[in-house]
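Notes to accompany the following structure.
Count residues from 1 along the sequence.
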Amino acid sequence: VQLQASGGGLVQTGGSLRLSCVASGRTFSRDALGWFRQTPGEAREFVAGIAWNGNAYYQDSVKGRFTISRDNAKNTVYLEMNDLKREDTAVYYCAETYDKGLLRLWIRQPNPPFDYWGQGTLVTVSS
């Protein structure tokens, strides 16, 4: 299983970015997908998740600004990030796991059990 994340970069406060993550090696349409982020010295944070049926879940800190979506035909999950803030600066990782119907619980957990991970893409928000 491979996940390839892309789309990170440098953006000013209030700007937008769209991250993409292409997956291969599994039945993508049956899996839950997630975006996480991490800054140096901090714990990894579960930012957003999307279930096999399209139901999406978000951390409170990004609700209304970030949108997760998936294209099963392209085996791709996206994270549309708008109104970016300096505190959104982090390395963003995509992840995949078989959907057990638990995303609504996992979004509140510090380390949900996703099985497969991408390599990370850096998002830097400057003022």
Side-chain angles (χ1 to χ4, degrees):
V1 178
Q2 289 189 333
L3 293 99
Q4 183 71 36
S6 62
L10 176 64
V11 63
Q12 289 189 328
T13 301
S16 299
L17 280 176
R18 187 175 82 155
L19 306 183
S20 300
C21 177
V22 180
S24 61
R26 284 183 56 82
T27 306
F28 184 85
S29 61
R30 298 178 185 175
D31 283 354
L33 305 162
W35 285 98
F36 293 73
R37 65 186 179 187
Q38 190 169 23
T39 55
E42 299 291 330
R44 186 171 58 199
E45 180 184 32
F46 187 13
V47 175
I50 186 165
W52 70 273
N53 60 5
N55 287 346
Y57 304 88
Y58 300 93
Q59 278 295 341
D60 290 343
S61 58
V62 305
K63 277 182 182 177
R65 300 188 299 121
F66 290 12
T67 302
I68 188 171
S69 61
R70 63 191 296 162
D71 185 337
N72 290 340
K74 296 181 178 180
N75 281 12
T76 303
V77 59
Y78 304 97
L79 187 68
E80 183 77 33
M81 304 185 294
N82 298 314
D83 189 23
L84 282 161
K85 307 176 186 299
R86 290 191 66 182
E87 52 265 39
D88 295 318
T89 295
V91 177
Y92 284 71
Y93 299 89
C94 56
E96 182 176 2
T97 190
Y98 180 73
D99 194 337
K100 303 177 182 69
L102 298 175
L103 273 183
R104 68 189 186 284
L105 300 176
W106 287 358
I107 197 68
R108 298 289 172 236
Q109 295 179 0
N111 194 26
F114 278 74
D115 296 307
Y116 308 101
W117 294 84
Q119 85 288 4
T121 184
L122 176 62
V123 172
T124 304
V125 184
S126 66
S127 58

**OP:** Determine whether the aromatic ring centres of Phe36 and Trp117 lie less than 6.0 Å apart.
**Re:** yes
**OP:** Kindly indicate whether a cation-pi arrangement holds for Arg70 with Phe28, taking the cut-offs as under 6.0 Å to the six-membered ring centre and within 45° of the axis.
**Re:** yes
Subject >> Atom pair SG/CG of Cys21 and Asn75 - distance to nearest 0.5 Å >> reply: 10.0 Å
**OP:** Any chance you could measure Tyr92, atom OH, to Leu79, atom CG, to the nearest 0.5 Å?
**Re:** 7.5 Å
**OP:** State yes or no: do Trp52 and Leu102 share one hydrophobic cluster built from I, L, V, M, F, W and Y residues joined by side-chain heavy-atom distances below 4.5 Å, directly or via other members?
**Re:** no
**OP:** Give the C-alpha distance, both sets of side-chain angles, the deciding distance and a yes or no for side chain to side chain contact (heavy atoms under 4.5 Å, CB included) between Ser61 and Glu87.
**Re:** CA-CA 10 Å; Ser61 58; Glu87 52 265 39; over 6 Å; no
Original post:
Quick one: does Ser20's side chain have a donor or acceptor within less than 3.5 Å of a partner on Tyr78's backbone?
Top reply: no
Original post:
Which heavy atom of Ala5 sits nearest a heavy atom of Gln119, and at what distance?
Top reply: O-NE2, 2.9 Å
**OP:** Measure the spacing between SG of Cys94 and CG of Leu33 and express it to the nearest 0.5 Å.
**Re:** 8.5 Å
**OP:** Please answer: with hydrophobic residues joined when any side-chain heavy atoms are less than 4.5 Å apart, are Ile107 and Leu103 in the same cluster?
**Re:** yes
Original post:
Heavy-atom distance under 4.5 Å between the side chains of Leu17 and Val123, does that happen here?
Top reply: yes
**OP:** Identify the heavy atoms of Ser29 and Asn72 that sit nearest to each other, and give their distance.
**Re:** CB-ND2, 3.8 Å
Original post:
Can you check whether Phe66 reaches Leu84 side chain to side chain, under 4.5 Å on heavy atoms?
Top reply: yes
**OP:** For residues Ser16 and Asp83, report the shortest heavy-atom separation together with the two atoms involved.
**Re:** OG-N, 4.3 Å
**OP:** Check the hydrophobic clustering (I, L, V, M, F, W, Y; side-chain heavy atoms under 4.5 Å; chains of links allowed) and say if Tyr93 and Phe46 are grouped together.
**Re:** yes
**OP:** Let me see the working for Arg65 and Met81 under side chain to side chain contact (heavy atoms under 4.5 Å, CB included), right down to the final yes or no.
**Re:** CA-CA 6 Å; Arg65 300 188 299 121; Met81 304 185 294; over 6 Å; no
Original post:
Would Arg86 and Thr13 satisfy side chain to side chain contact (heavy atoms under 4.5 Å, CB included), going step by step from the backbone distance to the final call?
Top reply: CA-CA 6 Å; Arg86 290 191 66 182; Thr13 301; 3.8 Å; yes
Subject >> Gln38 atom CD, over 12 foreign heavy atoms within 6.0 Å >> reply: yes
Original post:
Going by heavy atoms in the side chains, are Arg44 and Asn111 under 4.5 Å from each other?
Top reply: yes
Original post:
Donor-acceptor pair, Tyr58 side chain versus Ile68 backbone, under 3.5 Å?
Top reply: yes
**OP:** Using the test side chain to side chain contact (heavy atoms under 4.5 Å, CB included), find all partners of Arg108 that sit at least two apart in sequence or belong to another chain.
**Re:** Gln59, Asp60, Lys63
Original post:
More than 12 non-hydrogen atoms from neighbouring residues, nucleotides or ligands closer than 6.0 Å to CD on Gln12, yes or no?
Top reply: no
Subject >> Ser6/Thr121 under side chain to side chain contact (heavy atoms under 4.5 Å, CB included): CA gap, chis, key distance, verdict >> reply: CA-CA 6 Å; Ser6 62; Thr121 184; 5.5 Å; no
**OP:** Measure from the side-chain N and O atoms of Thr89 to the backbone N and O of Val125, and report whether any donor-acceptor pair falls under 3.5 Å.
**Re:** yes
Original post:
Among all residues two or more places apart in sequence or in another chain, which pass the side chain to side chain contact (heavy atoms under 4.5 Å, CB included) test with Thr97?
Top reply: Ala32, Lys100, Trp106, Phe114, Asp115
Original post:
Does the Arg30 side chain pair with the main chain of Arg26, one donor and one acceptor, at a distance under 3.5 Å?
Top reply: no
